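Remember, it's a predicted structure, so these values are computed and weren't measured experimentally. Lettering follows sequence order; numbering is per chain, from 1.
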Amino acid sequence: DAGITQSPRHKVTETGTPVTLRCHQTENHRYMYWYRQDPGHGLRLIHYSYGVKDTDKGEVSDGYSVSRSKTEDFLLTLESATSSQTSVYFCAIRGTGVSYEQYFGPGTRLTVT
Amino acid sequence: KQEVTQIPAALSVPEGENLVLNCSFTDSAIYNLQWFRQDPGKGLTSLLLIQSSQREQTSGRLNASLDKSSGRSTLYIAASQPGDSATYLCAVNDSGAGSYQLTFGKGTKLSVIP
């Protein structure tokens, strides 16, 4: 499972509150990704990181920010949650070697009421 | 912009049948293609990865093929079992992005009937 954990696994929050999701990996991978999965849209990339303090935007980055102060942790923050951010959030890492295979965490189900 | 399409969206087959899942992509400049399995309420499990220079990869009863020039990949499942019931996702890794981002299809939901 590439040693990826996500916390919390489930969260219900109210519109307008800040929310931070955490992704933790134990194998020192350089690249980490945040995706969201919604019915009818599939998985879409929010942000990714290619090293400590090095991050970039993905396809659906509006309303989200990320931080990576340590190799093992990649945080996703919703500064002011909206109902449109209700989704399942997945963290992924890119494996080493030439294949660059991606491995996914178990996901966080976020509901914004 | 890369677009990935998976047809059919859902498929129901009797146990023991061989089946093929299809994936097509619009930009052939890919680095590799990954097939994933997702069980309800769970994360994604990587099944097979095919490099752009390869034609196919096999793992047990699974065989994935890649025709990069035509923008197509297939996942062949032999002798299907009820335990194969899940959603299967195809994702392409764009070689030009530098970030090795994955672009996903919306998946094929497979039901294998005992």
Inset, instruction - Ignoring hydrogens and angles, state whether a donor on the side chain of A:Gln102 or A:Tyr100 is under 3.5 Å from an acceptor on the partner side chain. - result: no
Legend entry - Pairwise ring-ring contact (aromatic ring centres under 6.0 Å, His included) hits with a residue in residues 11-30 of chain B, at least two apart: none
Inset, instruction - Hey, could you give me the OH/CG distance between A:Tyr89 and A:Leu76, rounded to the nearest 0.5 Å? - result: 7.0 Å
Legend entry - Salt bridge flag under 4.0 Å for residues A:Asp73 and A:Arg68: no
Inset, instruction - Please examine the side chains of A:Tyr50 and A:Arg30, heavy atoms only from C-beta on, and report whether any two atoms are closer than 4.5 Å. - result: yes
Legend entry - Nearest non-hydrogen partners of B:Phe36 and B:Ala91, listed with the distance: CE1-CB, 4.0 Å
Inset, instruction - Considering only heavy atoms and a distance below 4.5 Å, find which of B:Lys42, B:Gln38, B:Gln6, B:Lys1 pairs most often with chain A. - result: B:Gln38
Legend entry - Nearest-0.5 Å distance that lies between atom CG in A:Leu75 and atom NZ in A:Lys70: 9.0 Å
Legend entry - Residues in residues 33-46 of chain A that sit under 4.5 Å from chain B, counting heavy atoms only: A:Tyr33, A:Tyr35, A:Gln37, A:Gly40, A:His41, A:Gly42, A:Leu43, A:Leu45
Inset, instruction - Establish, from distance only, whether the side-chain atoms of A:Glu79 and A:Ser65 form a donor-acceptor pair under 3.5 Å. - result: yes
Inset, instruction - Please name the pair of heavy atoms, one in B:Leu19 and one in B:Leu11, separated by the smallest distance, quoted to 0.1 Å. - result: CD1-CD2, 4.3 Å
Inset, instruction - State the OG1-CD distance between B:Thr26 and B:Gln2, to the nearest 0.5 angstrom. - result: 4.5 Å
Inset, instruction - Anything in residues 67-90 of chain B with a heavy-atom distance to chain A below 4.5 Å? Please list those residues in order. - result: B:Leu89
Inset, instruction - Would you give the length of the straight line joining atom CG of B:Asp39 to atom CZ of B:Arg37, rounded to the nearest 0.5 angstrom? - result: 4.0 Å
Legend entry - Smallest separation among heavy atoms of A:Thr86 and A:Val112, with atom names: OG1-N, 2.9 Å
Inset, instruction - Quick one: pull up CG in B:Leu102 and CD in B:Gln34 and give me the separation to the nearest 0.5 Å. - result: 5.5 Å
Inset, instruction - Among A:Ile93, A:Leu21, A:Val66, find the residue that satisfies the side chain to side chain contact (heavy atoms under 4.5 Å, CB included) test when tested with A:Phe74. - result: A:Val66
Inset, instruction - Please flag which part of A:Phe90 lies under 4.5 Å from any non-hydrogen atom of chain B: side chain, backbone, both or neither. - result: side chain
Inset, instruction - Enumerate by number any residue of residues 49-63 of chain B whose heavy atoms lie under 4.5 Å from heavy atoms of chain A; in the absence of such residues, state 'none'. - result: B:Leu49, B:Gln51
